[in-house]
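Everything on this sheet refers to the single structure shown next.
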Amino acid sequence: MSSNRLHTDFFLRDVLEVAPALLGKYLARDYGDGIIRRYVITETEAYRGTEDLACHASKGKTARNEVMFRQGGLVYVYFIYGIHWMLNFVTGQEGDASAVLIRGLDDFSGPGRVGKILGLDQTFYGENLAVSRRIWVEESGLTLPYTSLPRVGIHYAGEPWVSLPWRYIVKRTQD
DNA sequence: CGCAAGATTGGC
DNA sequence: CCAATCTTGCGT
């Protein structure tokens, strides 16, 4: 039998390709009980290298963001506002310093809520999505229509970064 | 070593 | 509109 897990090659492309490509994929999580929960990825944001002033990598490599400078397919988590763990997937080749922020799963929206649902913490820093037994991404076969909008909470970056439509959101199902 | 700000959220 | 809560990055 074969696994639907997405491997490193999926993440080695430009972040502007990977971010929308993740929409509709399954975020798989094993909380340690051997039961695999799957959540549909419904919202992402792209952070693109040292040039992008909204990207953490724009200030150069630091202890906090060093994983962003590695090859794609790794997890980048960071703690913010004293409350929230943000989940990101590193993309591109080593040195590209790009990543996708996971902002929504199923009906839950907001990166802080994603981190809470998944029970993230510092131990996930650098986790390899190709081999991890507790968090990975799977092909779902779903192709969901989406829209792109400017990114949230990065006003400090100024133009053009604050206006680029690098936030991708699955259109809500009609009923 | 001090301190301001943060890829947010929930409540008033 | 604002507090919560704490890590990080930068200035002194």
Side-chain angles (χ1 to χ4, degrees), chain A residues 10-25 27 29 39-129 132 135-137 146-172:
Chain A
F10 177 88
F11 299 94
L12 296 184
R13 296 172 289 161
D14 190 295
V15 69
L16 297 182
E17 277 187 57
V18 179
L22 281 169
L23 298 176
K25 297 290 190 291
L27 187 300
R29 176 83 167 95
Y39 308 91
V40 176
I41 297 174
T42 52
E43 183 176 343
T44 61
E45 269 181 2
Y47 287 88
R48 195 166 184 270
T50 55
E51 303 286 301
D52 176 4
L53 295 185
C55 180
H56 287 172
S58 67
K59 293 180 178 177
K61 189 187 292 186
T62 67
R64 177 218 213 181
N65 68 20
E66 66 87 12
V67 73
M68 288 187 81
F69 288 78
R70 296 196 236 163
Q71 176 176 274
L74 305 178
V75 170
Y76 168 40
V77 290
Y78 64 90
F79 192 55
I80 195 167
Y81 296 117
I83 305 177
H84 309 292
W85 283 98
M86 303 280 120
L87 174 64
N88 301 258
F89 299 149
V90 178
T91 65
Q93 302 295 321
E94 181 175 346
D96 282 3
S98 299
V100 177
L101 170 66
I102 305 302
R103 293 189 56 92
L105 297 175
D106 292 343
D107 295 324
F108 303 99
S109 64
R113 301 187 69 189
V114 167
K116 182 177 181 181
I117 291 164
L118 297 176
L120 302 181
D121 58 44
Q122 185 62 35
T123 68
F124 283 81
Y125 190 92
E127 190 94 352
N128 188 336
L129 294 167
S132 175
I135 188 170
W136 65 92
V137 182
Y146 67 90
T147 53
S148 55
L149 295 168
R151 294 172 291 179
V152 177
I154 57 157
H155 55 88
Y156 58 84
E159 296 292 353
W161 317 108
V162 72
S163 297
L164 295 173
W166 289 358
R167 177 188 188 192
Y168 307 91
I169 310 177
V170 169
K171 288 181 182 174
R172 193 190 162 189

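Scope of the values below: all heavy atoms of this structure, side chains included, with no hydrogens, waters or symmetry mates. Below, read A as the first sequence line, B as the second, and so on, with proteins coming before strands; counting in each chain starts at 1.
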So, A/Arg48 and A/Asp14, do they make that salt bridge, N to O below 4.0 Å?
yes
Are A/Arg151 and A/Asp52 within salt-bridge range, i.e. N to O under 4.0 Å?
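The answer is yes: the pair qualifies as a salt bridge.
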Candidates [options] - which lies nearest the side chain of [X]:
X	options	result
A/Arg113	B/dT8, C/dG9, B/dG10	B/dG10
A/Pro111	C/dG9, B/dT9, B/dG6	B/dT9
A/Lys59	B/dT9, B/dA7, C/dG9	C/dG9
A/Phe79	B/dT8, C/dG9, C/dT7	C/dT7

Separation of atom [atom1] in [X] from atom [atom2] in [N], rounded to whole Å:
X	N	atom1	atom2	result
A/Leu101	B/dT8	CG	P	8 Å
A/Tyr78	C/dG9	OH	C1'	15 Å
A/Tyr81	C/dT5	OH	C1'	12 Å

Nearest-Å distance once atom C1' is located in both B/dA5 and C/dC2
15 Å
How far does the P atom of B/dA4 sit from the matching atom of C/dA3, given to the nearest Å?
15 Å
What's [X] touching, base or sugar-phosphate or nothing? Going by heavy atoms closer than 4.0 Å.
X	value
A/Gly112	sugar-phosphate
A/Ile154	sugar-phosphate
A/Arg151	nothing

Do we get A/Arg13 above A/Phe10's six-membered ring, with its NZ or CZ under 6.0 Å from the centre and within 45° of the axis?
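Relative to the ring axis of A/Phe10, which defines the angle, A/Arg13 lies inside both limits.
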Restricting to non-hydrogen atoms, name the atom on A/Val162 and the atom on A/His155 that form the minimum distance, rounded to 0.1 Å.
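So the minimum-distance heavy-atom pair works out to CG2-CA, 3.9 Å.
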Would one find more than 12 heavy atoms of other residues, nucleotides or ligands at under 6.0 Å from atom CZ of A/Phe108?
no
Would you indicate, yes or no, if B/dA7 has its OP1 or OP2 atom less than 4.0 angstrom from a side-chain nitrogen or oxygen of A/Tyr156?
yes
Opposite nucleotide pairing with C/dT5, Watson-Crick or G-U, both atom distances under 3.5 Å
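Paired with no nucleotide.
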Aromatic-base stack, A/Tyr47 on B/dA7, cutoff 5.5 Å, angle under 30
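Yes, A/Tyr47 stacks on the base of B/dA7.
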